[in-house]
Amino acid sequence: MSKPKIAVVTEQPAKQAHTKPALRHIIQVLEAEYELDHLPVLLGESRSSKGITKSELKEAAPLLETLAGYDFVVLVGNSPLQLVTGSAGITKMRGKPIKQGDTIYLPMNNPSVILHDPLQEDVLKGDLRLFGEIVEFGGVPEEKALSIRVVLTRKDFREMLRDLRGSVSFDIETNSLNPFQTHVTKRVAGNDVQVPEPASIVAIGFGTRNNQWIIPVNHYQSPWSFDQVQEMVDEVTDCITEHEVNVITHNGKFDMLWMWVHFGVRWPMAFDTMLAHFLLDENMRHGLKYLAQVYLGAPDWEVDLSTKQGHQPLDKLVRYHAHDLFYTRELRYVFGKMLKADPEVKAVFDHILMPVANLFVEIEYDGVYINMDQFGDAELALREQYDTALADLKQWEPKDLVDNRGRPIAFNWGSTQQLADLLYRRLKLPVIERTATGNPSCNESVIKRLNHPCTAALLKFREAKQQLSFFIDGWKPYLHKRPDGYYLHPSFKLHGTVTGRLSCENPNLQQVPRDKRIRTLISAPDGWTLIECDLSQIELRVAAELAGERNMIHAFVNDIDVHWLTAIQEIARGGGLKELVIATAKTWLNTGKAPSYSEAIEALLKMGPDAAVEIDGRWKEYRKKAKAVNFGYLYGMWWKKFKDYARDSYGVIITDEEAEGSRNAFFDNYPDLPEWHNRQKRYVRRHGYVKSLSGRKRRLPEARQDDNPMDRKAAERQAINSPVQSFANDINLMAALQLRAEFGRKVVRICGTVHDAVLFRVKDEWVERVYNRMMEIMRRPALMDTLDIHMKVPIEADGAIGPWGAGVPLDKWLAARKAKK
DNA sequence: TTTGGCGGCGCG
DNA sequence: AAAGCGCGCCGCCAAA
């Protein structure tokens, strides 16, 4: 091929003057590589402030003929794309080469998108790289690397089996995201209708060194019956075991869960590219197409949903599927190398993340049991609360509301807009706070401070409304009927947070209210008992360890509750609560004589929160308040915010001086904390990231930027919080892994984790043994030694046996069981 | 009719 | 000067 003719087409609406330097940059990058012509869509500047108008596009139409004479053309932004294809949609089209005649067009984003989303920079770089490869190859490069093999005969299948050796990528296409789905909700004539649409696997694919094998399953052009596919799947299982195939996946937890639900097979995942990338850069997105584009210069091969769900011709589906398989396998080598260069992060991947991924396939398969009798009761109680509150509120409703056509409309207590209008314009109540966007706030804290008789009913209304929609109606679509009852199967994202904590969705098990009406719905079926084990004050322990905080370490080593220590120190400093302090101490000391104030303070420290609460229930609140003090000040909260907290949660109005004093006192009590804070700030400033004890990294580039002090300070606070939150979470994951490693599925089923707690059910006759062992595991997970992590601060654990939120410690549970018999 | 931001609130 | 961190999901409402 002779020297290719190359052009770049850009747009320049007047409004986006700031994009000019960015566009120039793109052109410079291209000019450095190629001899090219630059052809702006508009030779002048757009007359419209909204961008380029249709008539302006028409004016540019003659350019099309010119372009047809080029071999390769970059289209920068929406208007050039529109010019060539006749339709807009740059976000969907970018990165996908378009062939018209002998010309290959590559649409890409206008570089100004970086201003709104800095992550787009990588997308731009990837697109430029892709363009380079297209020019180099004289066509779209990966088309030549793909070798798509559709399995249509037994002969094809046997050939595939022989090809499944070494590292094999695995991926499935499905008709839904929920493997337990039986129905979907469709809107017909304004009504929600349940239409049967069971979850099904559309195609199963394997990517090897030379081929992408695809077995069509639930596709109208598939030659295979379900039983035939089942037979093939079982043969693949044997093959994987016999030849020790390394299964490579991208978000394989999803695929493996489906394979278990639909074919009853479980294949071990060896390397997940999504999780690898999550550890390598938690700030980026982790989608396969995005990563392939950024790291491999791949074109965007996304297709419409209907193709993926099997409603379009098979060849379209397999082309798409083959790309998934090919790039998953390619990324494995890219990320494998990157992990090798960072052994600490690699250890987290090998010892924690991949085992956890395999564990959570099982956790999501097993799900969590829901007590449906109680579910009905809770629903009734909440509807009753809802109706009562709403009836109560009726008297305050404005009756003269009209829409913009003058028709009367009902007042909606759930609308913050309407509520603000009522409270602040009509009733003339004072505006206490404003929201981020400057509107008068109607949140709980504000409502409580308003002096108006409607507020109590309003809060009751909100509570019932939210709990009903989140946990009653919200759960219904997810309830999965099994022979022994109903289950939820929450989905956990192992890459869901920047710190390494998991997030949870559909539904979110990690935000179930502590309100017993809801939380105790989570239980265990007949023959099983629910147990929750949690790491007590784990974040504070990890912080004490990292800070080397002498007083905290002393307290933890000597089994003194640190929240309690803070509470008592805080009270003693101000000399407050004299009566309560002395009365509680007197009861506990039981000498008949009232102790002095300082003696009483000593006694309170010694007795601990449980004994104090037993004597006077008020102590519970003071410990809770101290917990807030500890967490707030530990992570950089300022006294002003603490003042709000004290007011909202305890109705305690304190002065600025008192609030400031409490912060000073906190750091007086824990003098090693400020130096730790400074250490973290210096470290993140020097390196741009911080590390946790287990070796995870939190990258915080904003901490190095001097021109944005707000963002920099925020990054510094994250540099303090992240290693704590991250490592606390890792301990919990280690414990979950070990629990399952030590007890088989016949004995233990894990339901999920909640940051510092593991929720699981145990066969009744095993409760005592498993509970005791889990306490040991949580206090000293074996993986801590494997990863060579050693702590001065002891780890402690608590447990509760029984329905969630209503469980009791082992001794009480044993006593209750004995009494029953 | 669908989509996305906002306000609000549940959890650790 | 100003400052806890980390999530997901709901209804509302305006824009597309």
Side-chain angles (χ1 to χ4, degrees), chain A residues 88 187 190 282 403-404 412-420 433-447 458-459 462-463 465-475 477-478 490-493 495-515 518-519 532 534-540 543 627-642 644-645 648 663 666 677 680-681 698 700 708-726 728-729 732 752-757 759 804-805:
Chain A
R187 266 233 271 297
E282 75 286 352
D403 67 8
N404 46 20
N412 182 354
W413 288 94
S415 162
T416 46
Q417 253 176 50
Q418 293 181 32
L419 185 60
E433 273 177 32
R434 290 187 176 271
T435 65
T437 50
N439 297 318
S441 172
C442 301
N443 68 28
E444 187 178 334
S445 157
V446 170
I447 299 292
L458 178 56
L459 293 177
R462 276 192 181 171
E463 180 187 55
K465 182 187 162 96
Q466 204 204 13
Q467 294 203 352
L468 278 169
S469 66
F470 273 46
F471 308 106
I472 301 296
D473 295 330
W475 281 1
Y478 297 109
S491 178
F492 291 83
K493 271 201 200 131
H495 61 294
T497 78
V498 288
T499 59
R501 272 189 179 183
L502 313 189
S503 71
C504 179
E505 58 189 5
N506 304 322
N508 184 347
L509 185 75
Q510 297 175 331
Q511 59 170 171
V512 176
R514 283 171 300 204
D515 185 330
I518 303 292
R519 192 167 268 206
E532 182 196 25
D534 63 279
L535 297 159
S536 74
Q537 304 167 31
I538 188 63
E539 283 202 18
L540 220 47
K627 198 172 166 179
V629 169
N630 280 338
F631 284 123
Y633 290 146
L634 182 65
Y635 298 133
M637 190 194 270
W638 208 239
W639 58 264
K640 215 162 193 167
K641 182 148 184 179
F642 179 70
D644 293 343
Y645 181 84
D648 291 345
R663 187 171 192 279
F666 177 79
H677 285 188
Q680 291 302 104
K681 289 178 196 173
R698 173 80 181 100
L700 295 161
N708 197 339
M710 287 267 275
D711 284 2
R712 202 187 73 224
K713 292 287 178 191
E716 285 175 353
R717 290 193 298 276
Q718 291 173 51
I720 292 163
N721 169 280
S722 237
V724 178
Q725 193 181 106
S726 178
N729 165 70
N732 198 51
T753 58
V754 192
H755 312 310
D756 62 357
L759 198 62
W804 203 20

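Chain A is the first sequence line, chain B the second, and so forth, proteins listed ahead of strands; every chain is numbered from 1. Note that the coordinates shown come from a computational prediction; the quantities given were computed from them, not determined experimentally.
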Asks: Describe, in one word, how the ring planes of A/Phe471 and A/Trp475 are oriented to each other, choosing from parallel (under 30°), tilted (30 to 60°) and perpendicular (over 60°).
Replies: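 Because their plane-to-plane angle is over 60°, the rings of A/Phe471 and A/Trp475 count as perpendicular.
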Asks: Can you give me the dot-bracket string for DNA chain C, 5' to 3', counting Watson-Crick and G-U wobble pairs with both distances under 3.5 Å, using [ ] for crossing pairs and | for partners on another strand?
Replies: ....||||||||||||
Asks: Using a cut-off of 4.0 Å on non-hydrogen atoms, how would the nucleic acid contact of A/Glu539 be classed: base, sugar-phosphate, or nothing?
Replies: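 Touches nothing.
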Asks: Should A/Ser441 be listed as having a side-chain N or O under 4.0 Å from OP1 or OP2 of B/dG8?
Replies: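 Result: yes.
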Asks: Please state whether the phosphate of B/dG12, meaning OP1 or OP2, lies under 4.0 angstrom from any side-chain nitrogen or oxygen of A/Arg514.
Replies: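 For B/dG12, OP1 or OP2 has a side-chain N or O of A/Arg514 closer than 4.0 Å.
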Asks: Base, sugar-phosphate, or nothing for A/Gln418, non-hydrogen atoms under 4.0 angstrom?
Replies: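 Contact class for A/Gln418: sugar-phosphate only.
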Asks: Would you classify A/Arg519 as touching base, sugar-phosphate or nothing, given that sugar-phosphate means primed atoms plus P, OP1 and OP2, and contacts are heavy atoms under 4.0 Å?
Replies: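 Result for A/Arg519 = sugar-phosphate.
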Asks: So if I take every side-chain heavy atom of A/Pro709 and compare against C/dA1, B/dC11, C/dG8, which nucleotide ends up nearest?
Replies: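 Between C/dA1, B/dC11, C/dG8, the one nearest the side chain of A/Pro709 would be C/dA1.
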Asks: By a strict heavy-atom criterion of less than 4.0 Å, which residues belonging to residues 496-505 of chain A are in contact with DNA chain B?
Replies: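 Hits under 4.0 Å, by residue number: A/Arg501.
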Asks: Which of the following nucleotides, C/dG8, C/dG4, B/dG8, is nearest to the side chain of A/Asn721?
Replies: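 Nearest listed nucleotide: C/dG4.
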Asks: Between A/Arg514 and A/Gly805, is there a donor-acceptor pair closer than 3.5 Å when you use the side chain of the first and the backbone of the second?
Replies: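 The answer is no, because no donor-acceptor pair under 3.5 Å joins these two groups.
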Asks: Taking atom types as they are modelled, is there a donor-acceptor pair under 3.5 Å from the base of C/dC5 to the side chain of A/Gln725?
Replies: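 It does, because a donor-acceptor pair links the side chain of A/Gln725 to the base of C/dC5 below 3.5 Å.
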Asks: Mind checking A/Asn412 for me? I need base, sugar-phosphate or nothing, with any heavy atom below 4.0 Å counting as a touch.
Replies: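 A/Asn412: backbone/sugar contact only, no base atoms under 4.0 Å.
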Asks: Contact class for A/Val512 (heavy atom, under 4.0 Å): base, sugar-phosphate, or nothing?
Replies: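 Since only primed, P, OP1 and OP2 atoms lie under 4.0 Å of A/Val512, the category is sugar-phosphate.
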Asks: Give A/Gln718 one of three labels, base, sugar-phosphate or nothing, depending on what nucleic acid heavy atoms sit under 4.0 Å from its own.
Replies: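 Since only primed, P, OP1 and OP2 atoms lie under 4.0 Å of A/Gln718, the category is sugar-phosphate.
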Asks: Determine whether any donor atom in the side chain of A/Gln510 lies under 3.5 Å from an acceptor atom in the base of B/dG12, or the reverse, and answer yes or no.
Replies: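 Between B/dG12 and A/Gln510, which were checked side chain against base, a qualifying N/O pair under 3.5 Å is absent.
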